[in-house]
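Residues take their numbers from the sequence shown, with the count starting at 1.
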Amino acid sequence: MTPTPEPVTGRFAPGDVVVRREILLGEVWFGCPTICVEDSPDLLALYLPTGAEFGFPESGEFPCGRHPWQLAGHTAWTGHGKLMLQRPGEAHSVDVFWSGPERTFAGWYFNLQDPCRRTPIGVDTLDHELDLWWAADADRYVFKDVEMFAQRLVEGRYPGMGEAIRAEGDRIAALLDAGERWWDESWSTWRPDPAWPVPHLPANWAAIPPHR
């Protein structure tokens, strides 16, 4: 997808709570509190820790239905926390996952999404369902949720965006095939500050109008 300039409304400091919201068809659809790891001109790194609560607006039109995590009864992030690396204007994040009691690096997850738009409390985006996953012990990446993405298009979740979303996935795949690494692979050994408390959503998180 074509990068969209990201207006800067002030940078976040390491340790700040950054509310990541999903905006679907002009409505706030989902929110979760993350912790700022880095906010520089070239990178916004956000950490979603274990126990971070999920927020779902109480009211709205929701023409495509409620968020799947709400329907499934998920209320907070479980397992190891994940790190989300986002470059300004890009329609994906590179997410870092760990597993097991030793917090072993599990792999890179290329999460297709709207380019992040800054708000007074964090960033607005929308997950695009289609993703790529490259496990740490695998020779190559795989596409994820291809059939589900096609179903979401039928449901009207991404009007006029299907071709661009597929193109972004193909672009990432081509870069990986060419051996390109546009993120710092040392993030695989990153660890969160143990002093960070589990963040919470502010009371007004869903009332702030979506960034347009």
Side-chain angles (χ1 to χ4, degrees), residues 1-6 20-27 29-32 34 42-48 63-65 67-69 71-72 74 77 79-99 105-118 122-188 210-211:
M1 298 180 70
T2 302
T4 301
E6 177 195 26
R20 181 188 180 278
R21 304 191 305 179
E22 293 197 14
I23 309 300
L24 178 61
L25 301 177
E27 291 184 318
W29 197 42
F30 168 78
C32 61
T34 68
D42 300 321
L43 179 69
L44 177 62
L46 302 176
Y47 177 59
L48 180 63
C64 294
H67 195 281
W69 287 356
L71 297 176
H74 299 315
W77 185 260
H80 288 290
K82 72 168 178 174
L83 186 66
M84 299 171 283
L85 310 174
Q86 299 138 113
R87 298 197 302 184
E90 286 197 330
H92 73 275
S93 65
V94 180
D95 297 354
V96 192
F97 281 84
W98 296 270
S99 65
F105 171 61
W108 307 106
Y109 190 96
F110 304 89
N111 189 69
L112 275 62
Q113 62 182 29
D114 283 358
C116 287
R117 290 121 25 215
R118 290 175 182 260
V123 293
D124 284 352
T125 184
L126 175 64
D127 184 87
H128 288 167
E129 195 77 52
L130 185 66
D131 306 297
L132 296 86
W133 167 246
W134 196 329
D137 59 355
D139 294 330
R140 199 170 188 270
Y141 60 86
V142 294
F143 275 90
K144 288 186 74 278
D145 300 325
V146 175
E147 294 81 8
M148 185 62 71
F149 171 67
Q151 178 61 33
R152 298 307 187 205
L153 292 179
V154 172
E155 295 170 357
R157 185 180 293 185
Y158 310 114
M161 298 173 61
E163 183 176 338
I165 293 172
R166 289 191 186 95
E168 177 70 357
D170 290 342
R171 186 181 75 87
I172 293 171
L175 289 172
L176 295 175
D177 288 342
E180 295 288 338
R181 299 294 183 269
W182 57 97
W183 71 96
D184 187 343
E185 293 183 284
S186 68
W187 284 109
S188 64
H211 187 284

At what distance, to the nearest 0.5 angstrom, does CG of Leu126 lie from CD1 of Ile23? 8.5 Å

If I take atom CZ from residue Phe149 and atom CD from residue Glu129, how far apart are they, to the nearest 0.5 angstrom? 9.0 Å

Side-chain donor/acceptor of Thr125 to backbone N/O of Asp114, under 3.5 Å: yes

Measure up the His128 and Tyr158 rings against each other and bin them: parallel (under 30°), tilted (30 to 60°), perpendicular (over 60°). perpendicular

Using the rule given for side-chain contact (heavy atoms from CB on, under 4.5 Å), can you reason through Trp187 versus Phe105, listing the C-alpha separation, both sets of side-chain angles and the distance that settles it, and then say yes or no? CA-CA 10 Å; Trp187 284 109; Phe105 171 61; over 6 Å; no

Derivation and outcome, side-chain contact (heavy atoms from CB on, under 4.5 Å), residues Asn111 and Asp127: CA-CA 7 Å; Asn111 189 69; Asp127 184 87; 2.8 Å; yes

Please step through side-chain contact (heavy atoms from CB on, under 4.5 Å) for the pair Glu168 and Glu163, ending with a clear verdict. CA-CA 9 Å; Glu168 177 70 357; Glu163 183 176 338; over 6 Å; no

Determine whether the side chains of His92 and Gln113 contain a donor N or O and an acceptor N or O closer than 3.5 Å. no

Could you give the distance from CG (Asp170) to CZ (Arg166), rounded to the nearest 0.5 Å? 9.5 Å

First locate atom CZ of Arg140, then atom CG of Leu132, and finally report the distance between them rounded to the nearest 0.5 Å. 9.5 Å

Non-hydrogen atoms of Pro210 and Gly26 that approach each other most closely: CG-O, 3.5 Å

Side chain to side chain donor-acceptor pair (under 3.5 Å) test vs Asp124 passes for just one of Arg20, Arg117, Arg21, namely Arg21

Should the pair Phe97 and Trp133 be assigned to parallel (<30°), tilted (30 to 60°) or perpendicular (>60°) ring geometry? perpendicular

Tell me, do Trp134 and Tyr109 make a side-chain contact under 4.5 Å, heavy atoms counted? no

Indicate the atoms forming the closest heavy-atom contact of Ser99 with Ala106, along with that distance. OG-CB, 4.0 Å

Shortest non-hydrogen contact from Gly162 to Leu153? CA-CD2, 3.8 Å

Report yes if the side chains of Ser93 and Leu85 come closer than 4.5 Å at any heavy-atom pair, otherwise no. no

Can a salt bridge be assigned to the pair Asp145 and Arg152 using a cut-off of 4.0 Å between side-chain N and carboxylate O? no

Measuring from Leu46:CG to Lys82:NZ, what's the distance to the nearest 0.5 Å? 10.5 Å

Close side-chain approach of Leu48 and Met84, heavy atoms under 4.5 Å: yes

Measuring from Arg87:CZ to Asp42:CG, what's the distance to the nearest 0.5 Å? 8.5 Å

Heavy-atom check, side chain of Arg157 versus side chain of Leu24, under 4.5 Å: yes

Step through the shown structure and confirm whether more than 12 heavy atoms of other residues, nucleotides or ligands are within 6.0 Å of CD on Glu155. yes

Taking side chain as C-beta onward, heavy atoms only, is Leu176 less than 4.5 Å from Phe110? yes

Least distance between heavy atoms, Phe143 atom then Gly169 atom: CZ-O, 3.6 Å

Could you check whether the rings of Trp29 and His67 sit parallel, tilted or perpendicular, using 30° and 60° as the cut-offs? tilted

So, do Ile172 and Leu112 sit near enough that their side-chain heavy atoms are less than 4.5 Å apart? yes

Answer yes or no: is there a donor N or O on one side and an acceptor on the other, between the side chain of Trp183 and the main chain of Trp108, under 3.5 Å? no

